[in-house]
Amino acid sequence: MNALVLPVVLPLLTAFLLQPAGRLSAALARWAGPAVLLVCAGLLVQIALLTGGEPVTAAIGGFAPPVGIVFYADALALLMAIAVPVSALLLWPRAEAGEAGVRQSALMLLLVGSGTGMALSGDLFNLYVFYELLTVASFGLASATGTGRAYVATVRYVLVSGFGSLIALAGIALLYAQTGSLNLAQLADLAPERLANPLGLAAFACLLIGFGVKAELFPVNNWVPDLYACAGKPISALLAGVVSKLAVLVLLRLTVLVFDSPEAREMLMVLGLAGLVTGELAAWRARDLPRLLAYSSIGQLGLLFVALSLPGPAGLAAALAVALHHLLVKPALFMLAERWHGSLDKLAGAGRASPLAAGLFTLFALSLVGVPPLPGFWAKLLVLLELARGAGPFDLTALALVLAVTVVEAHYLFRLVGILYSPGEFRDRHSPRALAVAGLGGAVLVAAMLTLPAVSDALAGLASQAADTAAYRTLTLGGGL
Amino acid sequence: MTPLDTLYLASAATLAAMLVLGDWRRAGVLATLMYGVQLALLFTMQRTGSTSFDLSALGFELSWRFDALSWFFAVVTLGTAFFASWYGAGEWLRAYTGRRRLFQSALAANVFAMLLLLGSGDLLTLFVGWEATSWAGFLLMALAGGLARDAALRYLVYAMAGAMALLGALVVLFQAGGSFSYEAARATLAAMAPGPLWALIILFGLGFGAKLALLPLHLWQAAAYSETPAPGSVFLGGVVGRMGLFALALVLVGLIGIPHLQALAVPFTFLTAQDVVAWVAALTVVLPTYTALKQNDARYLLAWHGIGQGGYMLLGLIVGSALGSAGGLLHVINYAATQATLLMVVFGVRHRVGHTDLNRLGGLVARMPLSFLALLLGIISLAGLPPMSGFVSKWMVYSSLIQDGRPFLFLAAIVGTLGTILSVYKLIHNLFLGQLRAEHEQLNEAPLSMLIPMLATATLAFVTGVAPGLVLGWVADAQAAIGLPVIDYTLGGIASPRASLDMLWVVGVMFAGFGVGALLFYGAGGKTHRVHQLDNYAGGHFLDAGMRYHYSDNFYAGLMHLIGGWYRGSFHWLEGAIGSGLSLVAQGAGGWYRAINPAFYLLAASVALIAWVAL
Amino acid sequence: MDMTFAPDPLALLVIGALGLIVVGAAGLAFGRHLFRLVLALGLAEAGANLLLVIAGYRWDAVAPILTGSAPAAMVDPVPQALVLTAIVIGVGVQALAVALLVRVKLAYGTLDLAELKALVERDIRAAAGIGEPDSAQAPATLPGPAGLIGERP
Amino acid sequence: MNVASLLVELVLMPLVAFVVGLAMVLMMRRIAARLQRRVGPPFFQPLFDIVKLYGKHTQTSHGLVHDLGIVMAVGGYIAAETMLPVPGMTGIADKGGLVVLAYVMMVPSLGLALGVGQCANPNGSIGISRALTAMLAYDVPFIIVIFGVAFHFGSSNLITIAAAQQAAGIAGWGVSQMPLLALAGLFALHGMLGKQPFEIYVAPAEIATGPMVEMSGKHMGGLFVMQCFQLYTAAVLYVTLFLGGGENWLSFLAKSFAVLAVPVSLAYLFPRYRTEDLVRLMWKWPTMIGLLGLAFLMH
């Protein structure tokens with residue numbers, strides 16, 4: 001199944017060819033990117049249809065694993081891989097004339113290629129490389145607005161993620177020293193005997209911190225608020241929405257396959273809780289919408305890590321539910337923040353100026369808070385049920401914190417809803433594209449609510465497949481199709 | 001299709017109709033009719049139970065059904081909605097400047113959500129209904145904007161805190177019993193160790209208590225209810241808080257059971273869980289009632305009383321005897337009629353005058369005599385004096401406390417009633433008695449569309465006072481539904497050797513007494529000469545209309561001189577302290593993200609740690 | 001570890017690599033000048049790369065070059081390949097960082113982190129139309145429940 | 001009991017109460033006079049007062065509520081009398097009981113308060129404010145007493161309470177069984193009557209400040225009638241609760257008059273209490289005594 005490689009290679013290739021192509025024809029440079037993304041998305045969908053959700057692998061260059069690099073595509077990986085080009089298409093930067101536009105398109109393609117690679121790759125070092133590539137692309141995109149504060153925010157982002165990468169590299173080194181392999185499947189084989197020691201845990205901590213930078217994991221998330229406040233909103237949406245989920249996917253694979261120990265889970269939960277509490281509380285005090293959303297995103301991802309720390313397929317299902325919900329809601333909210341960027345108090349009257357946007361915001365807010373029967377509620381319920389199943393003092397503390405923080409979340413979100421609907425002077429309206437993206441998010445949300453039984457079945461399938469380490473190992477090490 | 005399905009369909013249809021037709025001039029009339037239809041459907045339904053649809057989501061079964069307890073609360077809900085909607089259907093709606101469609105839809109959504117809550121057939125459905133009710137309530141409270149929005153937001157904080165406590169309790173219960181069904185929960189709770197059971201009781205108490213506005217979760221209610229547009233306020237004040245009582249009855253009494261509560265001791269004391277709940281209820285009776293005494297806005301005064309009256313209901317219910325629990329439940333329906341009447345009158349005054357400031361009104365009795373009559377009946381009922389229905393339910397609560405041998409709770413209950421008498425007199429005096437302001441001299445009686453419902457609910461409160469047996473049957477069925485001892489009742493009240501009450505005779509004799517009194521007054525002696533309302537002297541001086549001599553502000557100056565110092569605002573202080581504490585932590589959290597490079601400090605520490613582990 | 005000091009070269013190298021990372025991290029934590037931070041990052045990266053090389057190194061082996069003769073014990077080639085990649089990535093990121101520093105210097109005229117922080121904060125606030133942050137001494141304006149209305153006086 | 005005899009009782013009981021109440025008023029005034037070295041009014045003076053007030057030429061009414069207040073005040077007490085068992089007659093005492101009676105007794109106060117409020121005289125309103133405050137004061141010990149008695153006899157039915165005492169003789173009387181509660185009850189009863197030294201809220205001596213400020217003619221007459229009932233009700237209630245109720249009319253009346261006469265004679269020696277002082281007093285001594293009595297009773 002070497003078609004699996006195309007969605008990674010095509011965008012990368014196009015990215016490098018775009019600069020020369022731009023010299024030839026402006027239209028070509030402008031439309032090549034979206035076209036390639038469409039093709040990639042189509043390819044991935046076709047693969048998904050062909051395999052029917054069954055996992056497949058592809059060994060790159062014909063080298064069989066564990067020596068060669070391997071791609072592993074189960075339903076979850078494919079879903080994430082599809083999400084990357086689709087999100088990028090929806091959030092494609094507004095066309096700028098000339099060099100800058102071409103550069104941005106190239107960076108977007110780079111981001112998509114490496115992102116898809118991250119979703120599919122089954123080799124840790126390969127993941128690391130894609131991760132770095134994606135990071136570099138996101139640096140360029142984040143600073144694309146060209147304002148001084150965007151540069152400063154990006155520098156901060158560069159420093160944090162640079163440091164994160166080297167910690168991850170150190171973790172990889174530790175891992176390699178212990179096992180002599182970086183293939184996830186082989187690591188999974190070796191983990192019980194070689195990694196069930198403090199050194200293994202240290203390696204996990206390093207990897208957690210390294211990949212946690214993108215996943216907005218506490219404590220390496222303090223680049224988030226400034227960057228989201230300064231970067232263009234589509235870029236923020238992309239980073240908060242799909243890119244953070246890719247990093248989460250890596251961590252998910254690592255916890256499920258390699259570091260399936262209580263200590264590792266505990267570490268994940270503590271960091272997740274710290275992010276949840278600090279993020280939501282900071283959002284409570286935020287005074288402008290982009291930063292409010294940034295903080296709230298940190299909080300949501302904290303919840304995601306708490307969910308990720310829960311053992312078993314049920315815990316995995318909870319984590320996936322939270323992740324997919326966030327993937328859907330956060331970009332839509334960031335698109336709404338595109339025009340609602342000022343002080344919160346100045347948004348009074350926005351509800352009258354653009355009723356659709358305000359209605360969508362309210363819908364997303366309700367779902368984020370977790371009001372039944374919206375999907376956000378069911379996601380939260382799954383997490384809470386799994387926490388209650390653990391029933392240790394640690395789990396119950398986490399349970400209490402998650403619940404308490406929800407109250408704070410409801411307060412700041414609905415304080416804002418109240419402001420939106422109160423009479424005021426705010427007259428800015430949204431661009432049709434922002435509204436369309438947000439509307440699409442809302443429509444999917446409502447559709448998921450209406451087809452809840454089907455969605456929940458699909459979710460359970462995804463989770464059980466992702467939790468099935470035996471299948472991963474046999475399939476990957478047993479050679480490709 | 002079961003009768004309950006039909007009812008839900010009718011309720012959903014009302015909501016849909018209001019969403020579509022809410023801006024229509026006659027939308028209020030339509031809504032009233034549709035609530036009437038729902039009420040009629042409810043009455044055609046079997047009281048002891050009906051089932052409705054089931055759903056399945058994520059492997060959880062959600063089911064809806066009615067039992068006698070649901071039916072009882074549904075009657076109160078729909079009845080209040082019917083009268084509140086009628087009240088707002090005519091002239092009030094024409095004068096309403098807000099968004100009509102939104103308002104009508106919010107009211108319909110509230111009713112629908114509450115019916116869903118009442119019909120919940122398992123704990124998960126209960127939570128779904130609970131959240132739906134909370135958010136529908138938030139919508140209704142917030143839609144007026146301004147002050148109402150702030151009050152609603154405050155409500156939201158309390159409601160969400162309550163809902164989250166509830167959710168926590170539910171997931172813990174689910175993991176202990178493996179199911180959300182009532183039967184499983186009952187079995188799990190019966191077998192549970194005291195520690196976890198206490199935790200669950202506290203969580204449930206917080207969850208449901210927030211809506212019932214039990215102390216110390218009561219601060220939100222007065223403002224939130226008062227600032228809502230008139231029919232909404234009537235509806236909220238009359239019935240919404242009672243959903244908390246419904247849920248408490250369902251869980252504390254129905255699932256855990258009074259005997260279990262009695263057996264559950266507070267460690268290191270001689271108190272039991274039942275005592276704790278009863279004392280929370282008793283404090284909820286006393287403290288808010290005396291806060292009401294200090295209010296200067298008629299709506300706030302009534303809303304604060306609403307909090308206190310909720311305490312009576314819980315107090316009666318938790319006593320657990322046939323008499324007490326019947327009294328508590330009966331008070332739900334009596335109080336709904338009473339509070340609806342009172343709020344309708346007060347909002348009627350607001351409709352005519354434009355405000356409800358107790359210091360800027362007075363002497364309206366001659367201008368709005370029928371409103372006065374309705375208010376009079378209402379305050380007699382609220383204060384719990386015969387012959388109104390409020391007396392009957394309170395009498396049952398008092399008697400059960402005597403029989404149970406609980407002197408301090410009894411004292412608290414009666415001190416609450418005395419405070420109510422004081423403050424309702426202030427209400428009627430400052431509104432309707434005393435000096436008529438010159439600017440109100442040409443005031444008209446409230447419009448007919450508002451008068452009829454207020455007189456109707458007042459009549460209901462009177463009739464159920466004279467013949468409580470008319471509704472005690474519902475109460476008895478509701479008692480049976482949650483496993484309480486069932487009250488033995490007659491048409492006139494209670495016949496028992498320990499405490500009997502026959503309101504037919506009591507009221508009959510009272511009215512005979514009034515008749516004789518009237519005969520004595522009007523039939524004998526010289527002819528009275530009626531002076532004009534503004535023809536007044538005091539201390540030998542003629543008081544002209546330009547002089548403000550209405551004794552209204554700080555009405556109980558003497559009492560306040562004595563107890564004024566006891567109003568310390570401790571609950572406000574507590575709320576503020578929690579808010580500030582959280583704010584401080586939040587500032588710290590925000591500081592973490594705003595600081596220059598704190599992540600590196602932490603990371604440097606973690607690298608050192610990893611290095612140490614590795615070596 | 002036993003307490004007698006027998007200089008195990010591998011342990012020394014590991015300590016050295018970790019030491020580089022720690023020194024770099026300390027630089028990142030305490031530095032105030034952006035360029036110094038970038039340098040510290042480079043230092044720490046060198047440490048991480050060294051760690052990776054050590055992970056596959058064997059003292060008694062030859063370089064992993066296939067010469068056709070019978071393969072002697074070879075050094076594990078994979079880490080070395082990885083390190084090459086990592087170094088390339090590191091250089092790229094550092095170049096990008098320095099390029100960004102130039103832009104920052106052009107925009108704000110300084111590379112001092114504290115000053116930049118204040119300038120950026122002011123900038124964001126100005127763009128959003130928000131006033132100065134609340135003083136901790138003024139809880140009345142806080143957006144929490146503390147600032148909400150009470151019952152009417 | 002058949003309906004006819006019940007109806008006769010319902011008519012007779014208020015009538016008897018009125019006549020006895022007139023005599024009680026007379027007695028109180030005579031006692032006051034004797035203590036002040038005066039002769040005191042003649043036997044029929046209370047009746048003459050009422051007739052005079054009714055017959056006055058100038059009858060000023062401030063409106064319907066003003067009149068209805070008086071009607072409620074009188075009517076409420078008429079109803080209350082039928083719930084108080086007297087020798088040979090029980091009326092509807094078995095259909096109400098102690099708690100009902102206590103609340104029916106508040107209806108006249110409410111009527112009076114409404115009537116005064118309608119007069120639009122600020123001094124009248126101040127009087128009501130004081131009266132209600134006083135009610136809050138004396139009702140606290142009063143309800144402690146009610147609770148104690150009802151708990152002790154296991155019923156709030158006055159007939160049962162009286163019968164239980166009569167069956168057990170003097171040793172079984174409330175006053176022997178619960179002396180502390182009886183003492184507290186006496187305090188509360190006296191506060192309820194609004195006589196010296198607790199008469200500030202009635203303010204009979206200062207026409208211009210108090211509930212009576214706008215009352216004249218028939219209104220005043222009605223209140224006079226109410227006062228007769230009030231004295232009777234309070235005395236008989238106390239007798240029923242603590243002094244064995246009425247075995248026969250002779251002992252019943254003797255006990256009732258004594259209940260009023262003894263404390264009134266003592267109370268005249270004290271100066272008048274201000275409202276706040278009244279509250280303070282009532283919440284301190286009688287309440288503490290009552291609670292102590294309850295503690296003894298329940299353990």
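So that the names make sense, note that chain A is the first sequence line, chain B the second, and so on, each numbered from 1.
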d(A/R415 CZ, B/R149 CZ) to nearest 0.5 Å is 10.0 Å

Between B/Y593 and A/T278, is there a side-chain heavy-atom distance shorter than 4.5 Å? yes

Considering only heavy atoms and a distance below 4.5 Å, find which of A/N197, A/V224, A/L366 pairs most often with chain B. A/L366

Should the heavy atoms of other residues, nucleotides or ligands under 6.0 Å from CZ of A/R352 be counted, would the total exceed 12? no

What part of A/L459 gets closer than 4.5 Å to chain B, counting heavy atoms only: side chain, backbone, both or neither? neither

Do A/H411 and B/L153 make a side-chain contact, defined as non-hydrogen atoms from C-beta onward lying under 4.5 Å apart? yes

Let me confirm one number: the CZ-CG distance from B/F174 to A/L384, rounded to the nearest 0.5 Å. 12.5 Å

Reported CG-to-CG distance for the pair A/L403 and B/L166, which is rounded to 0.5 angstrom: 10.0 Å

Side chain, backbone, both or neither of A/V402 within contact of chain B (heavy atoms, under 4.5 Å): neither

Which atom names give the shortest non-hydrogen contact between A/V407 and B/V157, and what distance separates them? CG1-O, 3.7 Å

Minimum heavy-atom distance B/M160-A/A410, with the two atoms named: CG-CB, 3.6 Å

Going by the angle between their ring planes, with limits at 30° and 60°, are A/F377 and B/F127 parallel, tilted or perpendicular? parallel

Given a strict heavy-atom distance threshold of 4.5 Å, which part of A/L399 is in contact with chain B: side chain, backbone, both, or neither? side chain

Report which part of B/A142 has an atom under 4.5 Å of a heavy atom belonging to chain A: side chain, backbone, both, or neither. neither

If you round to the nearest 0.5 Å, how far is CG of A/L385 from CZ of B/F60? 4.5 Å

Go through A/T406, A/V371, A/V455, A/L452 and name the one with the most non-hydrogen pairs under 4.5 angstrom from chain B. A/V371

Measure the shortest side-chain to side-chain distance between B/L582 and A/W284 over non-hydrogen atoms and say whether it is less than 4.5 angstrom. yes

Per-residue contact mode, B/L143 against chain A (heavy atom under 4.5 angstrom): neither

Is any side-chain heavy atom of B/L102 closer than 4.5 Å to a side-chain heavy atom of A/Y421? no

What part of B/F138 lies closer than 4.5 angstrom to a heavy atom of chain A: side chain, backbone, both or neither? side chain

Rounded to the nearest 0.5 Å, what's the gap from CH2 on B/W592 to CZ on A/F218? Could you check? 4.5 Å

Let me know if A/L201 has heavy atoms under 4.5 Å from chain B in its side chain, its backbone, both or neither. neither

Contact origin within A/P225 toward chain B - heavy atom pairs under 4.5 Å: side chain

